[in-house]
Student: 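There's a structure below that I have some questions on.
Each chain gets a letter, A, B and so on, in the order the sequences are listed, and its residues count up from 1.
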2 protein chains.
Amino acid sequence: MSPTIKDIALRAGVSYATVSRALNNHPEVSKATREKVLHLAKEMGYRPNAIARGLVTKETRTIGLVLPDITNPFFPEVARGVEEAASESGYSVFLCNTDWSSEREEEHLHALMQKQVDGFIVAPSSDQLTHLLKILDAGCKAVFISGVISHPNSVSIIIDNVRGAQMAVEHLLKKGHRQIGFVGGVQDVATNNERFLGYRKALESWGIGLEWDCIRKGDFRREGGLAVTKELLRLEERPTAIFAANDLTALGVLQAVKEEGLAIPQDVAVVGFDDIQFASLPEIELTTIAQPKFQMGRLAFQKLLQMNKEDGPAKERIILRPKLVVRKTS
Amino acid sequence: MSPTIKDIALRAGVSYATVSRALNNHPEVSKATREKVLHLAKEMGYRPNAIARGLVTKETRTIGLVLPDITNPFFPEVARGVEEAASESGYSVFLCNTDWSSEREEEHLHALMQKQVDGFIVAPSSDQLTHLLKILDAGCKAVFISGVISHPNSVSIIIDNVRGAQMAVEHLLKKGHRQIGFVGGVQDVATNNERFLGYRKALESWGIGLEWDCIRKGDFRREGGLAVTKELLRLEERPTAIFAANDLTALGVLQAVKEEGLAIPQDVAVVGFDDIQFASLPEIELTTIAQPKFQMGRLAFQKLLQMNKEDGPAKERIILRPKLVVRKTS
DNA sequence: TTGTAGGCGTTATCAG
DNA sequence: CTGATAACGCCTACAA
C-alpha cells in the first residue's frame, strides 16, 4: 500500500542503506542525497512500518495499560494522564480491562507481552501477584498504580491509603461520631485492605473497639454500596457515619441513606475516597479523600520511560499524599 | 528472552517449518512430532512474537480506538464495549484521546497506521473529515461512532441525534414550555449540529420561532454548561426550560440554575442527552435521551471485524433508536 | 559518503 | 508428513 524503503531507493537511485539513513537523520549522509530522499519520501507518501522497525530495534514504542474497569471514573483520569504523556513521547497505549479478575489480568498481560510492549502500567485487580512477578522476572518493566510490588524492574506509585482512610475516619471522629461503619470494595485488593486498615487504626487510636457488624464488603461500585448500606441501616444500633472504600461506593451509600428516609449528614454522615469528578457536583458535595489521578497517570508513564532509558532501577516506590476534601456529607 | 522457533527446532531435532506448523495446529504434522513440539514449547516457555508474525501475515490483531475524551463518561462505556468484544477475539486496542482537536486526531491516526493496526474505531472530534477520508482511501477500514461518513471502507454507527433531540424538546413542549433554550456542545461536531437540528425541528413543528438569544454553545463539559446557562438565566425573558446537548453540559445547567436560586423543574426544566451513569443518581435524576453506549462499542468492533473478514462492504450505516428517559428534572 | 549483506522471528511456498 | 528457503520491511555492521 504505502511504498517501502526499497521503492524509494529504486526511484532515488541509491542504496537501501542510504535511504534508511536519510530517513532516520543519520549524520553520515550528504545534504544532497538526504534532501532528495526526503523529498521523494514525502512525494510518494512513505510511511515507515513500525512493526518491521520494532522487529529489529526491539522497541515498539507501545505500552500496555491494564486496569480493573475504565467505567469507574477514577480510571479514565489516570488513563488520560498516561495517554497524554505517552503520545507526547511518541508512544501508543493499549487499554485493557480486567473487570477485577486476576485471570483476565494475566491473559491481558500475556497478550501484551506477545505484542512486545515496551512496558506496563497496571492497577492490580487483586492481591494475586504471582503473575505480575513472573513478567517482571521475565525482564518486563512495569509501574504499578496503587499496589506495591518490590522488584527492581518495577516502580510503584501509590497514594498512602492507610493514611487517607485514617484522615477520613478521624474527621468523622472529630465531628463526634462514635458508631462508624465501613463499606468496603472488592476483597483481596490492596487498595481495599489498606483503607480498611486505616479505618481500623483511626478507631483504635481513639480507643474505640471494632464492631464487626458495622463492617461490610461491597464491590467498588454503586450497586454494592447501595445494597450493603441498606443492611447496615437496619441494624439495632445503626452507624451514625459511614466511611466508604471509594466514591462510587459512597454514592451508593448516599442513595441507601436517602431511600431509608434518613438525612445527610444529620442522621448519617458519609465520606468517600478518590474525589472523582462527580463528587463535587452541587447535588452531591461528597466529602472525600482526593488523589491526583491525572498526575499519577503522567508520572507513571514518565517513570516507565525512565526505567527503559537508563536501566538502573528507578526509585522503587513513590508515595503520594492524600488530601481530605470536606464537603457537605459530613 | 523467550525462546524462538529456532531454539525449539534445535532441541526437537526438526525443522523450523515443522515447529511452526505444530504450533499453529496445521493438520499436516504427525501426532508424535506435534506433541513433542508442543511439550517442548511449554517447557521452554515459548511465547510467539506477535510483531514478527504481524510482519508476515500483515495482520496485527490490533485496532485503534480514537475518541475525543475518555474523561467524558459517555466514552468509557463504549470503550468498555469495544475492548471487551476485541479481547474476546484476541484483539488489543490502542486508546487515543484527541481532546476534540482534529489535528491531534490526525496525528493519532497517522501513528496508528504506522503501527499497522487492522482497523479503526473513531468518534470524530470535528466535522473536519478530510483526513478520515484519506485513510479510508488508503485502504484502512474504520467504523465511526456518531458521525456519518459514506465510504465503502467504513460503516457508521450512530444514534438518531435529530430524532433524539426532537423527542427531548417535544417532551418539554408537551409539558407546556414555550421558551426553551439550547445549550450546545463543541461547534462543528456532527453530534452537536444534529442535536441542534432536532431542537429546531421540534420548535418549528409546533409553530414556534427560534430565539437566537436562547441558543448558546458550550464545550460538551460541565464548565461550559455552567457558564453559558448563567447568561441565559439573566435574559429579560429567561427560558423556562433548557435542552442541553449532552449530559455533562446538563449537569452544568443544573448547577447554574441552582446557583441562581431557581427551582428545578418548577422554574426551569432541563433535559440532557446520553444518559450517562450519573444521570440516574437519586441526587440528579436527570431527564435525558439514552443511547446504548456499551452495545455500540461491541457492535462497532464486530462490524470492524466483519469488514476485515469478508471484505465486501458491510452495511454502511447503522442507525440506533434514541430513547427518552423521563426523570425529575422536567 | 555510500553500498553490500545479514539478520530480527514468523509464516508460507515449494519440493521431496 | 517434512525440510529447505524465500519472503515481510527495516536497521546496521562492515567494507569500499
Side-chain angles (χ1 to χ4, degrees), chain A residues 1-38 40-41 44-62 90 111-118 138-139, chain B residues 1-38 40-41 44-62 90 111-118 138-139:
Chain A
M1 204 101 295
S2 152
T4 73
I5 290 196
K6 192 172 179 176
D7 298 324
I8 299 179
L10 240 53
R11 284 264 307 249
V14 294
S15 71
Y16 291 21
T18 305
V19 173
S20 173
R21 282 191 273 253
L23 255 23
N24 293 2
N25 289 322
H26 279 269
E28 355 83 304
V29 52
S30 72
K31 273 228 162 73
T33 46
R34 155 167 297 129
E35 274 175 23
K36 178 164 59 175
V37 167
L38 257 37
L40 223 47
M44 302 171 67
Y46 172 70
R47 289 182 195 291
N49 181 328
I51 289 295
R53 191 208 302 266
L55 186 56
V56 24
T57 59
K58 270 123 172 36
E59 218 211 24
T60 54
R61 282 174 180 278
T62 270
L112 292 177
M113 279 185 73
Q114 298 194 178
K115 291 195 168 127
Q116 314 293 123
V117 295
D118 292 339
Chain B
M1 206 100 289
S2 154
T4 73
I5 289 197
K6 191 173 181 175
D7 298 324
I8 299 179
L10 240 52
R11 286 263 308 248
V14 294
S15 69
Y16 291 22
T18 304
V19 173
S20 174
R21 282 191 274 254
L23 256 24
N24 293 2
N25 288 323
H26 280 270
E28 353 86 301
V29 51
S30 73
K31 275 229 159 75
T33 45
R34 154 165 300 128
E35 275 174 25
K36 177 165 59 176
V37 167
L38 256 37
L40 221 49
M44 302 171 67
Y46 171 70
R47 289 183 194 289
N49 181 328
I51 289 296
R53 190 207 302 265
L55 186 56
V56 25
T57 61
K58 268 122 174 35
E59 219 211 21
T60 53
R61 284 177 178 274
T62 271
L112 292 178
M113 281 185 71
Q114 297 194 180
K115 291 190 169 131
Q116 312 296 118
V117 296
D118 293 339

Student: Quick check for you: to the nearest 0.5 Å, what is the distance between Tyr16(B) atom OH and Ile8(B) atom CD1?
Tutor: 12.0 Å
Student: So, for Ala52(A) and Leu55(B), which heavy atoms are closest and what is the spacing to 0.1 Å?
Tutor: CB-CD1, 3.6 Å
Student: Could you give the start and end, 5' to 3', of the contact zone on DNA chain D for chain B, using atoms under 4.0 Å from its heavy atoms?
Tutor: dC1(D) to dG9(D)
Student: Could you give the distance from OG1 (Thr18(B)) to CD (Glu28(B)), rounded to the nearest 0.5 Å?
Tutor: 10.0 Å
Student: Just jot down the salt bridge (Lys or Arg N to Asp or Glu O under 4.0 Å) partners of Arg11(B), sequence neighbours excluded, or say none.
Tutor: Glu43(B)
Student: Kindly state each residue pair satisfying side chain to side chain donor-acceptor pair (under 3.5 Å) with at least one member in residues 51-62 of chain B, sequence neighbours excluded.
Tutor: Thr60(B)-Asp118(B)
Student: Report yes if at least one side-chain N or O of Thr33(A) is closer than 4.0 Å to OP1 or OP2 of dT1(C); otherwise report no.
Tutor: no
Student: Tell me which of Val29(B) and Ala50(A) sits closer to the 5' end of DNA chain D, going by the nucleotide each one is nearest to.
Tutor: Val29(B)
Student: Of all the heavy-atom pairs spanning Ala50(A) and Gln116(B), show the shortest one and how long it is.
Tutor: N-OE1, 4.5 Å
Student: Would you say the side chain of Val19(A) lies within less than 4.5 Å of the side chain of Leu23(A), judging by non-hydrogen atoms?
Tutor: yes
Student: What is the bend of the helix from dT1(C)-dA16(D) to dG16(C)-dC1(D) when you compare the axis at one end with the axis at the other, using five pairs each and rounding to 10°?
Tutor: 40°
Student: Just wondering, do Ile5(A) and Tyr46(A) contact through their side chains at under 4.5 Å, heavy atoms?
Tutor: yes
Student: Show every salt bridge (charged side-chain N to carboxylate O under 4.0 Å, His left out) that has at least one partner inside residues 15-26 of chain B, sequence neighbours left out.
Tutor: none
Student: Determine, for nucleotides 7-16 of chain C in 5'-to-3' order, which nucleotides have protein heavy atoms under 4.0 Å from the base (write B), from only the sugar-phosphate (write S), or from neither (write -).
Tutor: -BBBBBB---
